2 protein chains.
Amino acid sequence: MKSLTRGQVARASGVGAETVRFYESEGLLPPIPRSSSGYRYYTEDTVQRLNFIRRAKKLGFNLKEIKELLSLHDNPHASRAAVKTLTETKLTEIEKRIVDLQRMREVLAHLAAECSGEGPISGCPIIQTLESGESEE
Amino acid sequence: MKSLTRGQVARASGVGAETVRFYESEGLLPPIPRSSSGYRYYTEDTVQRLNFIRRAKKLGFNLKEIKELLSLHDNPHASRAAVKTLTETKLTEIEKRIVDLQRMREVLAHLAAECSGEGPISGCPIIQTLESGESEE
DNA sequence: CTTGACCTTGTAGTTAAGTACAGGGTTTAC
DNA sequence: GTAAACCCTGTACTTAACTACAAGGTCAAG
């Protein structure tokens with residue numbers, strides 16, 4: 001099987017070469033075989049694993065969660081339910097973040113609409129709202 | 001005018017006492033008058049300013065941006081337009097974050113729906129997607 | 001006049017996910 | 001046979017916004 005250096009797996013999977021080492025130190029990669037001079041020799045498997053990590057990151061999983069996903073992936077006795085639970089938990093979290101941001105968006109849009117953008121700072125409705133907290137709960 | 005200690009302004013505005021000192025070091029608070037023994041003596045103005053900061057944070061502004069808002073607030077010659085611009089920029093940024101999160105939500109919801117949650121890990125559609133990146137651009 | 005709560009300063013640690021060296025060894029291409 | 005490009009390790013730095021000391025000084029209550 002063709003073996004790859006760290007820089008090569010990095011390029012092949014679109015992550016930084018130092019990041020590969022970082023992931024290894026965080027336990028996201030299994031021990032990598034070494035040459036007699038200490039060089040790590042990766043296989044295509046690591047490229048796949050780095051792609052897995054990259055895709056999971058894009059879905060909002062953090063490295064701790066990705067580590068869990070990977071260990072489920074690696075364990076043939078793991079249950080599909082565990083994967084589904086992680087996914088649903090992340091979904092719920094993302095939805096909460098969306099709600100929070102939507103709340104901010106509404107207030108910001110309201111403020112931007114309220115402010116003419118003309119005239120001096122005194123009387124600016126945005127500043128006034130920040131000063132006195134109209135919509136405070 | 002009644003003067004307040006650091007702990008008192010902190011409690012009155014709902015931020016931590018150390019945070020008050022941190023904000024001062026970051027330039028979000030003006031120089032605070034001191035007693036002869038070195039104690040800072042705050043006034044109600046600082047409570048207002050801390051509330052301003054807290055409210056701006058709730059709208060998604062970071063401290064650097066809040067510092068800009070405060071310096072506009074403090075400058076009688078500042079223009080309302082500058083405040084509006086900061087607000088609109090933040091609005092745009094929040095909207096982008098919402099879009100990004102919505103994309104994640106859609107994929108996660110799709111994956112969660114696709115996975116029965118039953119059976120072994122092999123063949124789990126969530127894991128398979130992470131492995132092979134169905135929806136990669 | 002003592003005790004305890006508070007204040008002062010400076011500094012260091014926290015979290016997340018990298019990123020950037022320095023100082024050395026190895027491999028590859030010419 | 002040498003120079004460039006790469007790899008090794010360990011460590012420190014990065015960003016944001018705090019948070020947590022430690023060692024000492026002060027203030028208010030009783």
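Throughout, protein chains are lettered first and strands after them, A, B, ... in sequence-line order, and every chain is numbered starting at 1. Everything quoted here is computed from the prediction, not taken from an experiment.
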Side-chain N,O (B:Ser35) to OP1/OP2 (D:dT26) below 4.0 Å: no
Can you tell me how far P of C:dT9 sits from CD1 of B:Ile32, to the nearest Å? 12 Å
Nearest whole angstrom, please: distance from the P of D:dC27 to the CZ of B:Arg34. 13 Å
Answer yes or no: is there an ion pair linking A:Asp74 with A:Arg49, defined by an N-O contact shorter than 4.0 Å? yes
Does B:Arg6 put a side-chain nitrogen or oxygen below 4.0 Å from OP1 or OP2 of D:dT26? no
What's the NZ-P distance between A:Lys64 and C:dA17, to the nearest Å? 11 Å
What does the inter-axis angle of the helix from C:dC1-D:dG30 to C:dC30-D:dG1 come out as, five pairs per end, nearest 10 degrees? 10°
Salt bridge flag under 4.0 Å for residues A:Glu65 and A:Lys90: yes
Side chains of A:Arg55 and A:Asn51, heavy atoms from C-beta outward: is any pair under 4.5 Å? yes
Phosphate OP1/OP2 of D:dC18: any B:Lys57 side-chain N/O under 4.0 Å: yes
Closer than 4.0 Å, any side-chain N/O of B:Ser37 to the OP1 or OP2 of C:dT8? no
Any side-chain heavy atom of B:Leu29 within less than 4.5 Å of one from B:Leu50? yes
Using whole Å, report how far CG of B:Leu4 lies from P of D:dA28. 13 Å
Kindly point out which of D:dC18, D:dG25, D:dC7 is positioned nearest to the side chain of A:Tyr39? D:dC7
Which heavy atom of B:Gln128 sits nearest a heavy atom of B:Ser132, and at what distance? O-OG, 2.6 Å
Within-4.5 Å side-chain heavy-atom neighbours: A:Glu26 and A:Lys64: no
Taking only N and O in the side chain of B:Thr5, is any of them less than 4.0 Å away from OP1 or OP2 of C:dC7? yes
side-chain contact (heavy atoms from CB on, under 4.5 Å) between A:Lys58 and B:Met104: does it pass, once the steps are laid out? CA-CA 7 Å; A:Lys58 250 176 91 177; B:Met104 294 181 195; over 6 Å; no
Is A:Arg40 close enough to D:dC7 that one of its side-chain N or O atoms is under 4.0 Å from OP1 or OP2 there? no
Below 4.0 angstrom, which residues in residues 15-30 of chain A have at least one non-hydrogen atom near DNA chain D? A:Arg21
Taking the side chain as every heavy atom from C-beta outward, state whether A:Glu44 and A:Leu4 have any atom pair closer than 4.5 Å. yes
Does the pair B:Glu93/B:Lys96 count as a salt bridge with the N-to-O cut at 4.0 Å? no
Tell me which pairs pass side chain to side chain donor-acceptor pair (under 3.5 Å) where either residue lies in residues 103-116 of chain B, with sequence neighbours left out. B:Asp100-B:Arg103
d(CD1, A:Ile66; C1', C:dA17) in whole Å: 10 Å
By nearest nucleotide on DNA chain D, pick out whichever of A:Tyr42 and B:Ile53 is the more 5' one. A:Tyr42
Atom CG of B:Leu50 and atom C1' of D:dA17: how far apart are they, to the nearest Å? 15 Å
Given atom NZ of A:Lys67 and atom C1' of C:dA16, what is their separation to the nearest angstrom? 14 Å
